[in-house]
Amino acid sequence: MDYIKEIAKIVKIDGYTADDIEKMIVLPKELSLGDYSLPCFRFAKELKKSPAQIAIELANTTVKNGIIKSVTAVNGYLNFTIDKAEFTKNTILTILKEGQNYGSSDIGKNRVICLDYSSINIAKPFHIGHLSTTVIGASLYRIFNKLGYKSEGINHLGDWGTQFGKLITAYKLWGDKNDIEKRGVKSLLDIYVKFHQEAEKDEKLNDQGRYWFKKIEDGDKEALSIFEWFKEITLKEVQKTYDRLHIHFDSYAGESFYNDKMQAVLDALKQKGLLEESDGAMVVKFDNGDPPCLVQRSDGATLYATRDLAAAIYRKNHYDFYKCLYVVAYQQNLHFRQVFNVLKMMGYDWSNDLVHVNFGMVSLEDGAMSTRKGNIVFLEDVLDNAVQKAYGIIEEKNPNLDDKKATAEKIGVGAIVFSALQNNRIKDTVFSYDKVLNFDGETAPYVQYTYARCCSVLAKTGEIEGDVDFSGVENNEALELAKLLDKYPQTIIDASVKYEPSLVTRLVMDTAQMFNKFYLEHRINDENQAIKNARIMLTQATKIVIEDGFRLLGIQCPTKM
RNA sequence: GGGUCUGUAGCUCAGAUGGAUAGAGCAAUGCCCUUCUAAGGCAUGUGUCGGGGGUUCGAUUCCCUUCAGGCUCACCA
């Protein structure tokens, strides 16, 4: 970025400031053309000369400064070449100096980011459909922390609703305490599914479900203790998965937490004259063409939207957030637009700081997932399969490895997490074991392998001794690698601005690819100690960026594999 | 039907605020381990950038239109 500023300063064109020029500078496709370029086509009309002519004249008149090595004109482009050796050297030195802090910043100082992610449902299985919200949210959590923000991770539990009355009914009829203690959520799911089957035949069961939910609402001792037990079992189980994914939450305030905070919302809406009655229900209407937002059912019960309104207001009061992110699938685009708009209409200017970080849906090869049909893939099973596969490959390729189990865990889990973070959030995906268990090419194991390779090489080369000759990294591979390493800090910022961890994924991926090219072309453990030193430094810098980049994604890097 | 998102190689996807012959991975074929981890590298091929207009010196990128698909549109969350 500094280079672009420098170039903008030395190019003189009448009527254009350095700022104007800076915005016009682009990167050439071909390395041989130069490192930066200024297209001259747009000046043609004004200067009444051909772009080619303008470029040639600028090439002759532009005064080079220290960091710009050459200025040439090619087909209407003014191309700049920088001092590559100097650039590579500076990049390496910066990274080694800053170490793990490379890419850190304080731009988020004193700012809180609330992240609502994962948000699992009590007594429901944790399946691959929950993977995206969980790992995208967790990654953004770390990305914002890296930039100096204070991240607050909120697991907005789905722990309220008539379904729990149904579940208690089912438990009373067919539940087996021991089985639930043993099989956890899977056991609860069985009786829940059975309830729905039986309710088809016997409508009275639904009445019982409503009855038991009413008991929960009324604070009935027995109902509450069963419900809390289900909650405990679910959280205990899901915590194991979170541990494997290295994910942390600061709050588990879910839907039930807001039960006593919704009347205030309704009162405020009424007082501001936003509440309207429609078919017996209470709604807030919009003038932007969106359908009305339902905040109270005709039977007086509150709804999803009411709860999110209460939650947003609570979070603003409690955290005074700079931004509040909702990492939720795009199916709920309309819902969040409505909720945010209602808050805006209520006069809360901070409603502009609420962001729906949406993402595409996951389906299975034979169609959409359905808990009721049992058409789901458990996340734990996917993780276990991936780890098992990784273990098998280790047995085959490196059977003497010390801690095979721990390494397989890092690789298998990493592969799954990576698969959810490698593409733009918005893309839909079809889950397939074939794809997710392929560890070749653009995958976590590829990057981890590259990292292990860095570690291995560094162990062999030993410490840096004596002078450093940076001509050891004066080649295209090293330069391209340095360019990628140099982009890391800006990429983290971009990822935070766009709420897009995949930007980090891709940069780390590209970095690993380029390192492998460098590794194949240039021997790091060179006979010449000074040259070797420079290459060791580049390898160390690469290792730092890969490790930290993967840390932001929530993927561990084994030092050997 | 309204709103909204997506459409780039056989498949999965990148393509920053428009810029020079549109890039990766997978899959296929053939090479490269007597020196640093071959879970690697190199080479080979395919594109009406969904279609059609427009703006521009220049459009995969911006605007309009059209086609296809996903999601969504009141008492579930």
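Order of the sequence lines fixes the chain letters, A, B, ..., with proteins taken first and strands second; residue numbering starts at 1 for each chain.
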K.L.:
Please state whether the base of A14(B) and the side chain of Ser502(A) form at least one donor-acceptor pair under 3.5 Å?
P.N.:
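Checked by distance alone, the answer is no.
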
K.L.:
Tell me which nucleotide among A39(B), G41(B), U35(B) gets nearest to the side chain of Ile411(A).
P.N.:
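Of all the options, the side chain of Ile411(A) is nearest to A39(B).
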
K.L.:
Determine the contact category for Ile524(A): base if any of its heavy atoms lies under 4.0 Å from a base atom, sugar-phosphate if only primed atoms, P, OP1 or OP2 are that close, otherwise nothing.
P.N.:
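Base contact.
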
K.L.:
Check each of Phe164(A), Trp160(A), Phe227(A) against Phe213(A) using the ring-ring contact (aromatic ring centres under 6.0 Å, His included) test, and report the only one that passes.
P.N.:
Trp160(A)

K.L.:
Step through it carefully: locate the ring centre of Tyr258(A), locate the ring centre of Tyr314(A), and say whether they are under 6.0 Å apart.
P.N.:
yes

K.L.:
To the nearest angstrom, how far is Phe359(A) atom CZ from U6(B) atom P?
P.N.:
16 Å

K.L.:
Quick one: look up who A28(B) pairs with, Watson-Crick or G-U, both distances under 3.5 Å, and put none if it's unpaired.
P.N.:
U44(B)

K.L.:
What's the closest nucleotide to the Asp428(A) side chain, out of U12(B), G70(B), C73(B)?
P.N.:
G70(B)

K.L.:
Does A20(B) adopt a syn or an anti glycosidic conformation, taking syn as a chi angle within 90° of 0?
P.N.:
anti

K.L.:
Return the pairing partner of C49(B) with a 3.5 Å limit on both distances, Watson-Crick or G-U wobble; otherwise return none.
P.N.:
none

K.L.:
Where the side chain of Pro28(A) is concerned, which of A20(B), A77(B), U12(B) is the nearest nucleotide?
P.N.:
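Comparing A20(B), A77(B), U12(B) against the side chain of Pro28(A), the answer is A20(B).
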
K.L.:
Check the distance between C57(B)'s C1' and Phe41(A)'s CZ and give it to me in whole angstrom.
P.N.:
8 Å

K.L.:
Taking atom types as they are modelled, would you say the side chain of Arg337(A) forms a donor-acceptor pair with the base of G3(B) within the 3.5 Å cutoff?
P.N.:
no

K.L.:
Would you mind pulling out the nucleotide paired to U21(B), Watson-Crick or G-U wobble, both distances under 3.5 Å?
P.N.:
none

K.L.:
Check this one for me: any side-chain N or O of Lys397(A) less than 4.0 Å away from OP1 or OP2 of A39(B)?
P.N.:
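True: Lys397(A) side-chain N/O within range (under 4.0 Å) of A39(B) OP1/OP2.
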
K.L.:
With Arg453(A) as the cation and Phe515(A) as the aromatic partner, state whether NZ or CZ is under 6.0 Å from the six-membered ring centre and within 45° of the axis.
P.N.:
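Verdict for Phe515(A): no cation-pi partner in Arg453(A).
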
K.L.:
Under 4.0 Å between a Lys/Arg side-chain N and an Asp/Glu carboxylate O for Lys285(A) and Asp290(A)?
P.N.:
no

K.L.:
Find the distance Glu500(A):CD to A16(B):P and express it as a whole number of Å.
P.N.:
13 Å

K.L.:
Atom OH of Tyr36(A) and atom C1' of G19(B): how far apart are they, to the nearest Å?
P.N.:
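After rounding, the gap between these two atoms is 17 Å.
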
K.L.:
Is there a donor and acceptor pair, one atom on the side chain of Asp434(A) and one on the base of A27(B), closer than 3.5 Å?
P.N.:
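No such pair is found, so the answer is no.
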
K.L.:
Please determine, for U35(B), whether a Watson-Crick or G-U wobble partner exists with both distances under 3.5 Å, and give it or none.
P.N.:
none

K.L.:
Between G19(B) atom C1' and Lys23(A) atom NZ, what is the distance in whole Å?
P.N.:
18 Å

K.L.:
Could you check which of A74(B), G19(B), U72(B) has an atom nearest any side-chain atom of Gln331(A)?
P.N.:
U72(B)

K.L.:
What nucleotide, of G40(B), C73(B), A38(B), holds the atom closest to the side chain of Pro291(A)?
P.N.:
C73(B)

K.L.:
Run through Thr134(A), Ile120(A), Leu235(A) and flag the one making a side-chain contact (heavy atoms from CB on, under 4.5 Å) with Asn155(A).
P.N.:
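The option that passes is Ile120(A).
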
K.L.:
Hey, mind stepping through Phe80(A) and Tyr36(A) against ring pair (Phe, Tyr, Trp, His ring centres under 6.0 Å) and telling me if it holds?
P.N.:
CA-CA 5 Å; Phe80(A) 303 86; Tyr36(A) 297 97; 8.0 Å; no

K.L.:
Thinking salt bridges, do Asp35(A) and Lys483(A) make one under a 4.0 Å N-O criterion?
P.N.:
yes

K.L.:
Quick one: is Tyr449(A) getting a side-chain N or O under 4.0 Å of the A39(B) phosphate, OP1 or OP2?
P.N.:
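For Tyr449(A), the contact criterion (side-chain N or O under 4.0 Å from OP1 or OP2 of A39(B)) is met.
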
K.L.:
Whom does G7(B) pair with, Watson-Crick or G-U wobble, provided both distances fall under 3.5 Å?
P.N.:
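C67(B) - that is the nucleotide pairing with G7(B), both distances being under 3.5 Å.
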
K.L.:
Closest approach to the side chain of Asn424(A), judged atom by atom: which nucleotide of G19(B), G41(B), G15(B) is it?
P.N.:
G15(B)

K.L.:
Kindly point out which of U72(B), A24(B), C13(B) is positioned nearest to the side chain of Leu334(A)?
P.N.:
U72(B)

K.L.:
According to the Watson-Crick and G-U wobble definitions, with both distances under 3.5 Å, which nucleotide is paired to U60(B)?
P.N.:
none

K.L.:
Looking at the side chain of Asn423(A), which of C42(B), C13(B), C71(B) is the nearest nucleotide?
P.N.:
C13(B)

K.L.:
Establish, for the pair Lys389(A) and Phe439(A), whether the NZ or CZ atom is under 6.0 angstrom from the six-membered ring centre and no further than 45 degrees off its axis.
P.N.:
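Yes.
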
K.L.:
To the nearest Å, how far apart are Lys124(A) NZ and A77(B) C1'?
P.N.:
8 Å

K.L.:
Ring-on-base stacking between Tyr446(A) and G40(B), under 5.5 Å between centres and under 30° between planes: is it there?
P.N.:
no

K.L.:
Whether the side chain of Thr443(A) and the base of A39(B) hold a donor-acceptor pair under 3.5 Å is what I'd like checked.
P.N.:
no

K.L.:
Return the nearest nucleotide to the side chain of Glu255(A); candidates are C71(B), A77(B), G19(B).
P.N.:
A77(B)

K.L.:
Is the shortest side-chain N/O distance from Tyr330(A) to OP1 or OP2 of U6(B) below 4.0 Å?
P.N.:
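The answer is no; no side-chain N or O of Tyr330(A) sits under 4.0 Å from OP1 or OP2.
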
K.L.:
Ignoring backbone atoms, test whether Lys517(A) places a side-chain nitrogen or oxygen under 4.0 Å from the OP1 or OP2 oxygen of G40(B).
P.N.:
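Negative; the distance criterion is not met.
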
K.L.:
Check the phosphate of G15(B) against Arg506(A), side-chain N and O only, distance under 4.0 Å to OP1 or OP2. Yes or no?
P.N.:
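For G15(B), OP1/OP2 do have a side-chain N/O of Arg506(A) under 4.0 Å.
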
K.L.:
State the syn/anti category of C13(B) according to its glycosidic angle, syn meaning within 90° of 0.
P.N.:
anti

K.L.:
Across the strands shown, which category fits Met561(A) at heavy-atom distances under 4.0 angstrom: base, sugar-phosphate, nothing?
P.N.:
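Here Met561(A) touches the bases of the nucleic acid.
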
K.L.:
Find the distance Asp159(A):CG to C76(B):P and express it as a whole number of Å.
P.N.:
18 Å

K.L.:
5'-most contact on RNA chain B: Ile394(A) or Leu38(A), nearest heavy atom basis?
P.N.:
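Result of the comparison: Leu38(A).
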
K.L.:
How long is the line joining NZ of Lys45(A) and P of U55(B), in whole Å?
P.N.:
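Distance check: Lys45(A) NZ to U55(B) P gives 12 Å.
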
K.L.:
Which listed nucleotide (U6(B), A16(B), G25(B)) is nearest to the side chain of Lys427(A)?
P.N.:
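It is U6(B).
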
K.L.:
Between Ala281(A) and Gly289(A), who's closer to the 5' end of RNA chain B by nearest nucleotide?
P.N.:
Gly289(A)

